[in-house]
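Encoded as structure tokens, the structure appears first; notes follow it.
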Protein chains: 2
Amino acid sequence: MINKEEFRKKIIITAGQIFSHYGFKKTTMDEIASALKMGKSSIYYYFESKEEIFEAVVLYEANLLRNELTTTIKSVESPVEKIRNYVFVRMKSFEKLSNYYNAIFDKNLDHFEFIENIRAKYDREELAILRLLLYHGARKKVFNVTNSEYTALAVQTTLKGLEVPLFWKKKELHLEDRLNAILDVLFNGILKK
Amino acid sequence: MINKEEFRKKIIITAGQIFSHYGFKKTTMDEIASALKMGKSSIYYYFESKEEIFEAVVLYEANLLRNELTTTIKSVESPVEKIRNYVFVRMKSFEKLSNYYNAIFDKNLDHFEFIENIRAKYDREELAILRLLLYHGARKKVFNVTNSEYTALAVQTTLKGLEVPLFWKKKELHLEDRLNAILDVLFNGILKK
DNA sequence: GAATTTTCGACCAAAAAATTCGAATATTTT
DNA sequence: AAAATATTCGAATTTTTTGGTCGAAAATTC
């Protein structure tokens with residue numbers, strides 16, 4: 001009924017849900033299989049290994065995030081709102097993604113490198129987006145930004161402070177408050193006008 | 001610096017956090033130990049087994065919930081608000097607790113029985129609380145309840161519908177909506193006045 | 001400084017998990 | 001409808017993980 005490629009996608013989505021809660025290590029092939037209502041060995045017809053599934057999932061999610069962020073930006077006009085929305089969606093997504101990293105940290109340096117690569121690519125794209133948003137705002141005379149490339153770098157670096165490492169106590173962070181504070185500084189600065 | 005009993009409590013709290021995310025099965029002694037920054041074998045000085053820790057955790061959490069609920073009730077005056085708040089806190093707590101049950105269901109009938117016992121005790125207590133809340137409201141002439149024991153039974157049974165079994169898709173349940181709907185019925189009934 | 005309490009690393013057996021394999025079943029092609 | 005191909009599956013195998021033990025070291029108390 002559905003072809004191989006579609007089925008791979010189905011596996012990716014299902015496995016992704018489990019990975020996102022339990023992390024790589026704690027997710028078993030049995031669980032993935034039974035969530036898909038199929039025999040464990042059948043999965044090996046579509047993927048070589050658990051790792052291959054995981055990599056496909058990370059790739060897939062990265063694309064989803066990319067699309068979601070693009071849509072978000074397009075959905076509003078004002079330069080301020082564009083940045084504000086972008087930054088909020090980004091934070092929520094990263095919070096969710098942090099579960100994937102969980103339980104990888106012991107040994108599996110391999111995955112770590114794989115994720116790092118995807119991440120690096122994403123960072124480059126994000127920088128371009130931020131630059132565009134800033135440039136756009138400057139053109140509309142809303143932002144006072146002369147070198148959008150330079151300022152984009154500052155914004156991106158700031159946002160990295162919101163990516164929660166595992167050993168932080170999430171509850172004590174109040175990420176939303178922090179993000180709002182950051183946006184205040186970003187838009188208004190701290191100098192008296 | 002701190003005595004044995006206090007350390008047991010520390011273990012219970014730490015283990016509880018991990019259990020509540022990963023469930024009994026997926027939580028390892030190594031994880032508990034390293035979260036406590038101590039050797040795995042040291043834990044066995046305080047507890048006989050992983051199961052014993054788990055039981056202590058469940059017991060501890062049950063007490064926390066009991067206290068939280070009591071405080072909640074006391075924090076407001078109006079009989080309607082008392083019930084409304086009680087019922088909301090209860091729902092939130094049960095949602096959280098459902099993670100504990102996770103990954104137990106395969107074999108470990110033992111735990112299941114243990115939890116059932118605690119649960120049964122809690123149910124009895126809850127019934128008494130509900131009866132009191134209803135009686136209190138009737139005394140204040142806010143509720144039209146003649147037999148508070150009987151009505152308490154109805155309320156408790158209704159609330160059981162909110163305890164999410166594992167095989168339900170949480171996202172499709174909209175528990176808060178359901179709870180609000182239930183409260184509407186509880187307070188206003190469905191008959192034309 | 002002896003006795004007691006607490007921690008720890010190395011070790012083990014059992015359980016769990018990933019992966020393989022060959023046979024069975026379904027689907028497509030000829 | 002037979003041959004070829006694609007897909008599923010259960011059982012078997014290998015690898016890894018994990019709960020728990022033990023005796024020896026620290027640390028603490030007496």
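FYI, side chains are in, hydrogens and waters are out, and symmetry mates aren't considered; it's all heavy atoms of this structure.
Residue A:T28 has its side chain nearest to C:dA18 when only D:dC9, C:dA18, C:dT7 are considered. The listed nucleotides are D:dT8, D:dG19, C:dT6; the one nearest the side chain of B:K50 is D:dG19. Closest contact between the side chain of A:K25 and the listed nucleotides D:dC9, C:dT6, D:dT18 involves D:dT18.
Between A:F47 atom CZ and D:dT7 atom P the separation is 13 Å, expressed in whole Å. Atom CD1 in A:I32 sits about 11 Å away from atom C1' in C:dA18, given to the nearest Å. Atom NZ in B:K4 sits about 15 Å away from atom P in D:dT29, given to the nearest Å. When rounded to the nearest whole Å, the span between CE of B:M29 and C1' of D:dT18 equals 10 Å. Counting to the nearest Å, the P atom of C:dA15 and the CG atom of A:D30 are 17 Å from each other. Rounded to an integer number of Å, the gap from NZ of B:K26 to C1' of D:dG19 is 17 Å. Going from atom CZ of A:F7 over to atom P of C:dT27 covers 13 Å, rounded to whole Å. Atom P of nucleotide D:dA24 and atom OH of B:Y44 are separated by 21 Å, given to the nearest angstrom.
Residues satisfying the side-chain hydrogen bond (donor to acceptor under 3.5 Å, both in side chains) criterion with B:N63, sequence neighbours excluded, are B:R66. For B:K9, the side chain to side chain contact (heavy atoms under 4.5 Å, CB included) test picks out B:I13, B:Y60, with sequence neighbours left out.
Below the 3.5 angstrom threshold, one finds no donor paired with an acceptor across the side chain of A:K40 and the base of D:dG10.
Judged by a 6.0 Å distance limit and a 45° cone about the ring axis, B:K10 is positioned over the six-membered ring of B:F7.
Between B:Y46 and C:dT7, a side-chain N or O to OP1/OP2 separation shorter than 4.0 Å is present. In terms of phosphate contacts, A:Y45 brings no side-chain nitrogen or oxygen within less than 4.0 Å of OP1 or OP2 of D:dT8.
Pair assignment for C:dG9 gives D:dC22, based on Watson-Crick or G-U wobble hydrogen-bonding distances that are each under 3.5 Å.
Checking B:S41 against A:S41, the closest nucleotide of DNA chain D that is more toward the 5' end is the one next to A:S41.
Contact between A:K50 and A:F24 at its shortest, heavy atoms only, is NZ-O, 3.0 Å.
Looking at A:K26 and A:E31, no side-chain N of the basic residue comes within less than 4.0 Å of a carboxylate O on the acidic one, giving no salt bridge.
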